[in-house]
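By convention in this document, chain letters (A, B, ...) are assigned in the order of the sequence lines, proteins followed by strands, and residues within each chain are numbered from 1.
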Amino acid sequence: MTPLTGYLLIAALLFAIGLAGALTRRNAILVLIGIELMLNAANLNLIAFWRYSPHPEALTGMMFAIFSIAVAAAEAAVGLGLVIQIHRHAHTTDLDQMNRMKG
Amino acid sequence: MSFAFYLIAGLSVAGALAAVLLKNTVHCALALTVAFAGLALLFLQLDAQFAGFAQILVYIGAVAILVVFAILLTRGSETPKDGVYSRNPLIGLVIAAAIFAVFGWAILNSTSFLPHESAKPVVSVMDIGNALMGRYILPLEIVALLLTAALIGAVIVAMHEKDGAQ
C-alpha cells in the first residue's frame with residue numbers, strides 16, 4: 001500500500017463516518033458536526049494529492065484546501081446561527097420536530 | 001506506511017467515531033476536537049505545515065468552540081427522551097457504508113495509476129503568501145467577501161428579535 005492510498009482510505013473512512021452522523025443523528029448541531037467531518041475528509045484528500053503530485057510547488061491542492069477551510073468556517077458560523085435562531089423560535093433542535101417553515 | 005501514520009489515523013478515526021456515536025452532545029463536540037487535531041497532525045505529516053496550523057487555528061480554535069457555544073445556548077446536552085438517533089438510523093448507516101465501499105473499491109483499484117513516493121516538497125509560508133497575493137488574488141478577495149457576508153448574516157440570523165418586530 002502506497003502512502004497516498006493510505007491517506008485516501010482514511011479520508012474515505014472519515015467521510016463515511018461524517019455522512020453516517022449527518023444522516024442518523026436527530027440533533028441539528030450533530031448533523032453540522034457530521035458535515036464538518038465530511039469537509040475535513042475532503043481537505044485531507046486535497047492535501048494528500050498535493051503532497052504526492054508531480055508539481056507540488058504549483059500549490060494548487062494546498063490553495064484549494066486553504067480556501068475550503070475558510071468556506072467551512074463561514075458555513076459553520078451561519079449554520080450554528082440558524083440552529084440557535086430555530087431553537088429560540090421552536091424550542092427544539094430535534095430535526096424530526098422541525099417540520100414546518102412557517103414562522 | 002510509518003507507525004506515526006497509523007497512530008494519527010487511528011486517533012482521527014476514533015475521535016470522529018466518538019463525535020458521531022456519543023450520547024451527550026458536549027462529549028461529541030470534545031471528541032470532534034480530537035478528530036480535528038488528528039487531521040491537523042495528518043496535514044503536518046503530509047508536509048503541509050501551513051494547512052496544518054490553519055486547521056488548528058480555524059477548526060480547534062474557532063469551529064469547535066462555536067459548536068460548544070451553540071450546544072450550551074440550545075441546552076442540547078440534555079439527552080432527548082426518544083433517543084439520539086433518527087427513526088430509521090439503519091438507512092443512513094447503509095448509505096454511509098455503501099459510499100465507503102464505493103470509495104474504497106475505487107481507491108484500491110486505482111493504486112497503480114496513483115503517483116507513488118515523491119520528493120518532499122519544499123514550500124515555505126512565503127511561497128504561499130506570494131501565491132495568494134499573485135495567482136490566487138481573485139479567489140482570496142472572493143473569500144474575503146464571503147467571510148464578511150457570513151459574519152453579517154450570522155449576526156443578523158442569530159440576533160434577538162425586538163418585541164413587535166414580527
Side-chain angles (χ1 to χ4, degrees), chain A residues 1-10 12-21 23-27 29-30 32-34 36-37 40 44 47-48 50-54 56-57 59 62-63 65-67 69-74 76-78 80-85 87 93-96 103, chain B residues 1 5 9 12-13 16-17 19-20 25 28 32 35-36 39 42-43 46-48 51 54-55 58 62-63 66-67 70-71 73-74 76 80 84-87 89 92-93 95-97 99-100 103-104 107 111 114-118 121 123 127-128 131 136 139 143 146-147 150 153-154 157-158:
Chain A
M1 192 164 74
T2 60
L4 180 57
T5 318
Y7 284 107
L8 294 183
L9 281 176
I10 289 296
L13 187 57
L14 286 173
F15 186 90
I17 293 172
L19 184 66
L23 288 178
T24 56
R25 295 299 293 241
R26 295 178 91 102
N27 192 325
I29 296 171
L30 268 298
L32 277 173
I33 285 181
E36 290 294 332
L37 276 176
N40 258 297
L44 181 59
I47 296 277
W50 165 78
R51 169 66 176 80
Y52 293 102
S53 68
E57 68 279 356
L59 283 172
M62 175 80 112
M63 285 300 152
I66 289 170
F67 287 125
I69 289 175
V71 173
V78 176
L80 291 170
L82 281 171
V83 171
I84 289 174
Q85 185 62 19
H87 178 263
T93 52
D94 190 336
L95 288 170
D96 282 351
Chain B
M1 305 303 293
F5 169 77
S12 322
V13 172
L17 275 175
V20 167
T25 322
C28 291
L32 181 74
F36 284 161
L39 275 155
L42 281 176
F43 288 179
L46 282 164
D47 302 311
Q55 164 92 2
V58 174
V63 172
L66 207 60
V67 168
I71 290 169
L73 281 174
T74 58
V84 291
Y85 300 108
S86 62
R87 251 170 279 150
L93 282 181
I95 293 173
I99 296 259
F100 179 64
F103 283 174
I107 292 166
T111 310
L114 292 174
H116 286 271
E117 298 275 352
S118 65
V123 173
D127 295 332
I128 295 173
Y136 297 98
V143 163
L146 173 84
L147 286 175
V157 162

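To the nearest 0.5 angstrom, B/Ile71 atom CD1 is 7.0 Å from A/Leu30 atom CG. Atom CG of A/Leu8 is separated from atom CD1 of B/Ile107 by 5.0 Å, given to the nearest 0.5 angstrom. For the atom pair CG (A/Asn27) and OG1 (B/Thr25), the distance works out to 5.0 Å, reported to the nearest 0.5 Å. In this structure, B/Phe43 CZ and A/Arg51 CZ are separated by 14.5 Å, a value rounded to the nearest 0.5 Å.
The aromatic rings of B/Tyr136 and A/Phe67 are tilted relative to each other, their planes meeting at an angle between 30° and 60°.
Shortest non-hydrogen contact noted between B/Ala35 and A/Leu37 is CB-CD2, 4.1 Å. A/Ala76 approaches B/Val63 most closely through the heavy-atom pair CB-CG1, 4.1 Å. Annotation for A/Ile10 and B/Ala9: closest pair CD1-CB, 3.4 Å, computed over non-hydrogen atoms. Between B/Ala96 and A/Ala16, the closest heavy-atom pair is CB-O, 3.5 Å. For the residue pair A/Leu59 and B/Ala131, the shortest heavy atom distance occurs at CD1-CB, 3.8 Å. When all heavy atoms are compared, the tightest approach of B/Leu146 to A/Ala74 is CD2-CB, 4.2 Å.
Residue B/Leu17 touches chain A through both its backbone and its side chain, counting heavy-atom pairs closer than 4.5 Å. Looking at B/Val67, both its backbone and its side chain come within 4.5 Å of chain A, counting heavy atoms on both sides. When heavy atoms are compared at a cutoff of 4.5 Å, A/Leu4 approaches chain B solely by way of its side chain, counted from C-beta outward. Only the side chain of A/Phe15 comes within less than 4.5 Å of a heavy atom of chain B; its backbone N, CA, C and O stay farther away. Neither the backbone nor the side chain of A/Ala65 comes within less than 4.5 Å of any heavy atom of chain B.
Of the listed residues (A/Leu19, A/Leu32, A/Thr24), the one with the most heavy-atom contacts under 4.5 Å to chain B is A/Thr24. Contacts with chain B were tallied for A/Ala77, A/Ala73, A/Gly34; A/Ala77 has the most, counting heavy-atom pairs under 4.5 Å. The candidate with the highest count of non-hydrogen atom pairs below 4.5 Å against chain B, out of A/Leu9, A/Asn40, A/Val71, is A/Asn40. Comparing B/Leu93, B/Val58, B/Asp127, B/Leu66 by how many heavy-atom pairs each has under 4.5 Å with chain A, the most go to B/Leu66. Of the residues considered (B/Pro121, B/Ala62, B/Gly92), B/Pro121 shows the highest number of contacts with chain A, using heavy-atom pairs under 4.5 Å. Most heavy-atom pairs under 4.5 Å with chain B: of the set A/Val83, A/Thr2, A/Leu82, A/Ile17, this distinction falls to A/Ile17. Ranked by heavy-atom pairs under 4.5 Å with chain A, the list B/Val123, B/Leu147, B/Thr111 is led by B/Val123.
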Could you walk me through whether A/His87 and B/Leu73 pass the side-chain contact (heavy atoms from CB on, under 4.5 Å) test, one step at a time?
-> CA-CA 9 Å; A/His87 178 263; B/Leu73 281 174; over 6 Å; no
Working for side-chain contact (heavy atoms from CB on, under 4.5 Å), residues B/Leu46 and A/Leu44 | CA-CA 9 Å; B/Leu46 282 164; A/Leu44 181 59; 4.0 Å; yes
Candidate pair A/Leu14 and B/Leu39, rule side-chain contact (heavy atoms from CB on, under 4.5 Å), full reasoning = CA-CA 10 Å; A/Leu14 286 173; B/Leu39 275 155; 3.8 Å; yes
Do A/Val78 and B/Val157 pass the side-chain contact (heavy atoms from CB on, under 4.5 Å) test, and can you show the C-alpha distance, the side-chain angles, and the key distance before you say yes or no?
-> CA-CA 8 Å; A/Val78 176; B/Val157 162; 5.5 Å; no
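Taking the side chain as every heavy atom from C-beta outward, A/Ile33 and B/Val20 never approach each other to under 4.5 Å. A/Ile66 places a side-chain heavy atom less than 4.5 Å from the side chain of B/Ile128.
For the pair A/Arg25 and B/Tyr85, the distance from NZ or CZ to the six-membered ring centre is under 6.0 Å and the angle to the ring normal is within 45 degrees.
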